[in-house]
Amino acid sequence: MSFDVAKFMENVKAKNPGEPEFHQAVEEVVLTLADYINANPKYADNKILERMVEPERVVMFRVPWVDDKGEIQVNRGYRVQMNSAIGPYKGGLRFHPSVTLGTLKFLAFEQVFKNSLTTLPMGGGKGGADFDGVGKSDNEVMRFCQSFMTELYRHIGPNLDVPAGDIGVGAREVAYMFGQYKRIANEFTGVLTGKGRSFGGSLIRPEATGYGVIYFAQAMLATKGDSLEGKTVVNSGGGNVGTFLIEKVNQLGGKVVTVGDPYGYVYDPDGIKGEKLEFLKPLWTVYRRPIKDFADKFGLEYREGRKPWEVPCDIACPTATQNELNEEDAKTLIKNGCKCIAEGSNMSSTKGAVDAILASKILYSPGKASNAGGVAVSGLEMSQNSMRYNWTSEEVDAKLQQIMSDIHETCREYGQEGDYCNYVKGANIGGFVKVADAMIAQGIV
Ligand code: NDP
């Protein structure tokens, strides 16, 4: 039985209407897998892709809470448990007004491949709510998190599903959710990752995603005999991933000249470092303040309503959200001499952008490969919790570097085409094989 991409996508679209991001994520994967599946017919015969696009379970629930004025607010919560073939469901929680079921299904689907690439035993899932943390007091955030966990707790567990943070969910939100889980379940277990240090969190977890993106970029550059030293990097997000990515670029001798949010970006030709970076780190993740505050504080140029991809650079790192880099942006980057794009956000680039980047043959890593450091260290947090033991920063960082290097090698194993490495193809096939083989071994479940 040969695999027909057009027919497959027609079915996916018909069964999942109104979920364009999910369609986009699935299509990218199946297009790059088609030849491999046709060469290995067991995957088509066992309907592996048909099974992989169907979540094992989705829960959707009401999240009522009371704001500081005493008014009742109602949000919608979700958990998408996509695939548990190689381990408990694992993936972040996103709190953002843009969250829909379709967004979380795309993220959960990507997560399955990413988690497999890390080599750790983690299945894929994702969840969240359409909650907007901007302008909310600490008590409001706590009440929301408690209400969210009051339903979610019955669907998760250390051997079942282990959520973490994502957009809008940082250390504070994870801590409030952990507290409520512990209170209801009456047990202290590693049911969330990204926890505070004093209650089971791993060193290097906050840094892991941003650091990992740069370790991956470093590995890509090394294939060309190049490094980060002296490079100019353009970055978009000012959250968890973006700020620690800036820190790692600085440590490796490069400079990051931009940081943004949905309303514009700040341009700093000298590079964001020292006191400036320390001010930036909590600006969004703790205080939920706009990036313009950063420009105002240090007298930097703020470019309202524009995107950082117009700034000439050697390396570009999208670290904000999905589809933040479109075809025109990609062409501008390439025209201006960009040699490497390493994605920090999930599905950072539109299909048009990915096609333009692949055609240019510059170095390019999709988020599911280069941002896997976050979930990898979450996996290491689970291991430490199980052992009731903590590794040092150096130990965790060394393991993170090794994992990013292994993911890079896997991408090359499946993505090398002569002199060029197609990391999109490499990540998709490399992530797929382990999950698919486990699914076949476990029978039709
Ligand atoms: P944060 O909430 O810490 O930061 C997100 C940043 O991006 C904020 O500055 C936010 O500003 C900005 N942003 C959000 N939406 C948009 C938009 N539509 N346009 C421009 N900027 C936007 O999230 P993270 O840093 O944790 O996550 C960033 C990306 O990295 C996401 O795609 C996430 O899925 C991915 N990722 C995160 C991991 C992690 O460990 N945290 C792991 C792997 C991937 P504002 O909210 O004002 O819109």
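Counting convention: from 1, in listed order, for ligands and their atoms alike. All values below were derived from every heavy atom in this structure, side-chain atoms included, with hydrogens, water molecules and symmetry-related copies excluded. In what follows, residues are counted from 1 in the order of the sequence shown.
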*Within 45 degrees of the axis of the six-membered ring of Phe199 and under 6.0 Å from its centre: does Lys182 put its NZ or CZ there?*
no
_Lys105 charged N/C atom sitting above Phe22 aromatic ring, 6.0 Å / 45°_ = yes
Show me which atoms of ligand 1 lie under 4.0 Å from any heavy atom of [X].
X	result
Asn346	32 (O), 33 (C), 34 (O), 35 (C), 36 (N), 44 (C)
Gly238	9 (O)
Asn371	43 (C), 44 (C)
Ser345	29 (C), 30 (O), 32 (O), 35 (C)
Thr319	28 (C), 29 (C)
Gly168	2 (O)
Asp261	20 (C), 21 (N)
Asp166	26 (O), 33 (C), 34 (O), 36 (N), 37 (C)

*Would you indicate whether the side-chain heavy atoms of Leu283 and Leu280 approach each other to under 4.5 Å?*
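Yes. Closest side-chain heavy atoms under 4.5 Å.
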Checking [Y] against [X]: is there a side-chain donor and acceptor pair closer than 3.5 Å?
X	Y	value
Asn346	Asn371	yes
Gln180	Thr150	yes
Ser383	Ser386	no
Gln402	Lys399	no
Asn323	Glu21	no
Tyr265	Glu310	yes

Nearest protein heavy-atom contact for [atom]: which residue, which atom, what distance?
atom	result
atom 5 (C) of ligand 1	Trp284 NE1, 4.0 Å
atom 18 (N) of ligand 1	Thr321 CG2, 3.4 Å
atom 40 (O) of ligand 1	Thr209 OG1, 2.7 Å
atom 11 (O) of ligand 1	Pro262 CD, 3.6 Å
atom 12 (C) of ligand 1	Ala320 CB, 4.0 Å
atom 3 (O) of ligand 1	Asn240 N, 2.9 Å
atom 25 (O) of ligand 1	Val241 N, 2.9 Å
atom 6 (C) of ligand 1	Gly239 N, 3.9 Å

Where's the contact between [X] and ligand 1, heavy-atom distance under 4.0 Å: side chain, backbone, both or neither?
X	value
Thr285	side chain
Arg205	side chain
Ile167	both
Arg94	side chain
Val134	neither

*Is Arg143 reaching over with its side chain to a backbone N or O of Val66, donor-acceptor style, under 3.5 angstrom?*
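Confirmed, Arg143 side chain pairs with Val66 backbone.
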_Ring centres under 6.0 angstrom apart (Phe95, Phe144)_ =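 Between Phe95 and Phe144, the centre distance is under 6.0 Å.
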_I want to know whether Tyr78 and Phe148 have ring centres closer than 6.0 Å._
no
*Is there a ring-ring contact (aromatic ring centres under 6.0 Å, His included) between Phe432 and Tyr414 once you walk through the steps?*
CA-CA 11 Å; Phe432 171 79; Tyr414 292 103; 9.9 Å; no
